[in-house]
2 protein chains.
Amino acid sequence: MHPSLLTRLRDRDYRLTSQRRVVAQVLEGPNVHMTADAVHQAATDILPEISRATVYSTLNELTQMGELRELSLDGRSKRYDPNVAPNHHHLVCDGCGQVFDVQHEVAPPTLTADETHCMTLGRAEIIYHGTCVSCTAP
Amino acid sequence: MHPSLLTRLRDRDYRLTSQRRVVAQVLEGPNVHMTADAVHQAATDILPEISRATVYSTLNELTQMGELRELSLDGRSKRYDPNVAPNHHHLVCDGCGQVFDVQHEVAPPTLTADETHCMTLGRAEIIYHGTCVSCTAP
DNA sequence: CTTGCTGCAAAGCTTTTGCATTCCT
DNA sequence: AGGAATGCAAAAGCTTTGCAGCAAG
């Protein structure tokens, strides 16, 4: 099992203010893919005076540090994933936007030399699109 | 070779007004992944009085019809791809946002029964992240 | 005549920014 | 005290919407 987000942050030299701790706390757990707004709402329940700007800037810092992964799944708002394991992908309901983790053993097909267009390659993510049961019947 | 977007639209019963024709024209060609704003700008060069709202609504309709694919690659603005072939994926520069097509022979790994979470599966898209040559050296 | 498309402007949602204040060592 | 983090409010970027006018069958 991988260490939790909060544990990882303590192990780095990252100043854990109460606001930052609450943001990390809210993002803790498996299969968590919250929008910035959802994080702010959940954080507000614990720490009522936390501001939107702080939530946004914390999310951006953690993403920058590699402790969160930013997901652009639907063109609306970004989602934040505390699971940064490799070969970890997503299944999205195109109806309601709900997200499930998909953990594979194998990596996606590699690119041939001319397919890379001289770019330095980073990770490859797979987005599986689908429709969940609630969104099927109208 | 697949028929072009404009050809496909003519073959359906889609009313081709001058505005819609210009939008389709601008999106014609290989390796095209424009934002709505880019489409509007390019369209304005041809048809100066075309409005933003019309461009947006046309893009949404064509996406709905399955003639365009909406790409959420970077959490900023959506991009529109006239190439709707299967096993067609994307390589994105995380620096400048430029996009290249990637055409594979094989499909991504399939999901096991419990991985689908009872969802009806649609397409699977792979996003390869990387850094292009211009974005490498600071 | 009737339906649908367009343009304009306004509103909506998400995210970022500037600046004064507060917090923490 | 001094540097960093926070909150507030304003601004910025992207997209949708309501409505009046126009075009086309």
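Since we're looking at a predicted model, the values are computed, not measured. Residue numbers begin at 1 in each chain, while the letters A, B, ... track the order of the sequences.
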* Check the hydrophobic clustering (I, L, V, M, F, W, Y; side-chain heavy atoms under 4.5 Å; chains of links allowed) and say if V84(A) and L68(A) are grouped together. => no
* Asked: Are L121(A) and L73(B) connected in the hydrophobic side-chain network, where two residues link if heavy atoms are under 4.5 Å apart?
  -> no
* **Flag side-chain contact, heavy atom, 4.5 Å: T7(B) against R10(B)** => no
* Asked: Between CG of L71(B) and OG of S77(B), what distance do you get to the nearest 0.5 Å?
  -> 11.0 Å
* **Hydrophobic cluster identity match, V133(B) and V92(B), side-chain contacts under 4.5 Å** => no
* To do: Would you list the pairs meeting salt bridge (charged side-chain N to carboxylate O under 4.0 Å, His left out) in which at least one residue belongs to residues 43-58 of chain A, sequence neighbours left out?
  => D37(A)-R52(A)
* Which value, rounded to the nearest 0.5 Å, describes the distance between L91(B) atom CG and I127(B) atom CD1? -> 11.0 Å
* Asked: How long is the line joining CE of M34(A) and C1' of dT15(C), in whole Å?
  -> 17 Å
* DNA chain C: 5'-proximal contact among V55(B) and A53(A) (nearest heavy atom) -> V55(B)
* Would you mind listing every ring pair (Phe, Tyr, Trp, His ring centres under 6.0 Å) that reaches into residues 57-85 of chain A, with sequence neighbours excluded? => none
* Could you list by number each residue of residues 75-84 of chain B showing a heavy-atom separation from DNA chain D of less than 4.0 Å, or answer none if no residue does? => S77(B), K78(B)
* Any residue of residues 11-25 of chain B with a heavy atom less than 4.0 Å from an atom of DNA chain C -> R15(B), T17(B), Q19(B), R20(B)
* Among D114(A), T116(A), T110(A), find the one that has a side-chain hydrogen bond (donor to acceptor under 3.5 Å, both in side chains) with T112(A). => D114(A)
* Contact list for DNA chain D against residues 60-70 of chain B - heavy-atom distance below 4.0 Å -> N60(B)
* **salt bridge (charged side-chain N to carboxylate O under 4.0 Å, His left out) pairs, two or more places apart, involving residues 13-24 of chain A** => R20(A)-E61(A)
* Structure fact -> Contact check, residues 41-50 of chain A vs DNA chain D, heavy-atom distance under 4.0 Å, returns E49(A), I50(A)
Enumerate, atom names and distances included, each donor-acceptor pair closer than 3.5 Å involving a side-chain atom of residues 98-109 of chain B, sequence neighbours excluded.
from	atom 1	to	atom 2	distance (Å)
D101(B)	OD1	H33(B)	NE2	2.8
D101(B)	OD1	H88(B)	NE2	2.6
D101(B)	OD1	H90(B)	NE2	3.4
D101(B)	OD2	N31(B)	N	3.4
Q103(B)	NE2	P86(B)	O	3.0
Q103(B)	NE2	N87(B)	O	3.3

* Measuring from L62(B):CG to L9(B):CG, what's the distance to the nearest 0.5 Å? -> 5.5 Å
* Is there a chain of hydrophobic side chains (I, L, V, M, F, W, Y, each step under 4.5 Å between heavy atoms) that links L16(A) to V55(A)? -> yes
* **Between dT6(C) (P) and H40(B) (NE2): distance, integer Å** => 13 Å
* Structure fact -> Residue pairs passing the salt bridge (charged side-chain N to carboxylate O under 4.0 Å, His left out) test with at least one member in residues 68-77 of chain B, sequence neighbours excluded, are E70(B)-K78(B)
* Asked: Got a sec, which pairs hit ring pair (Phe, Tyr, Trp, His ring centres under 6.0 Å) with one end in residues 48-76 of chain B, sequence neighbours left out?
  -> none
* Derivation and outcome, side-chain hydrogen bond (donor to acceptor under 3.5 Å, both in side chains), residues S57(B) and T54(B) -> CA-CA 5 Å; S57(B) 86; T54(B) 298; 5.5 Å; no
* What are the bounds, 5' to 3', of the part of DNA chain D that sits under 4.0 Å from heavy atoms of chain A? -> dA4(D) to dC8(D)
* Do Y128(A) and Y128(B) share a hydrophobic cluster, counting only Ile, Leu, Val, Met, Phe, Trp and Tyr and linking them when any side-chain heavy atoms are less than 4.5 Å apart? -> yes
* Want to know the stems of DNA chain D: at least 3 consecutive Watson-Crick or G-U pairs with distances under 3.5 Å, which are they? -> C:1-25 with D:1-25
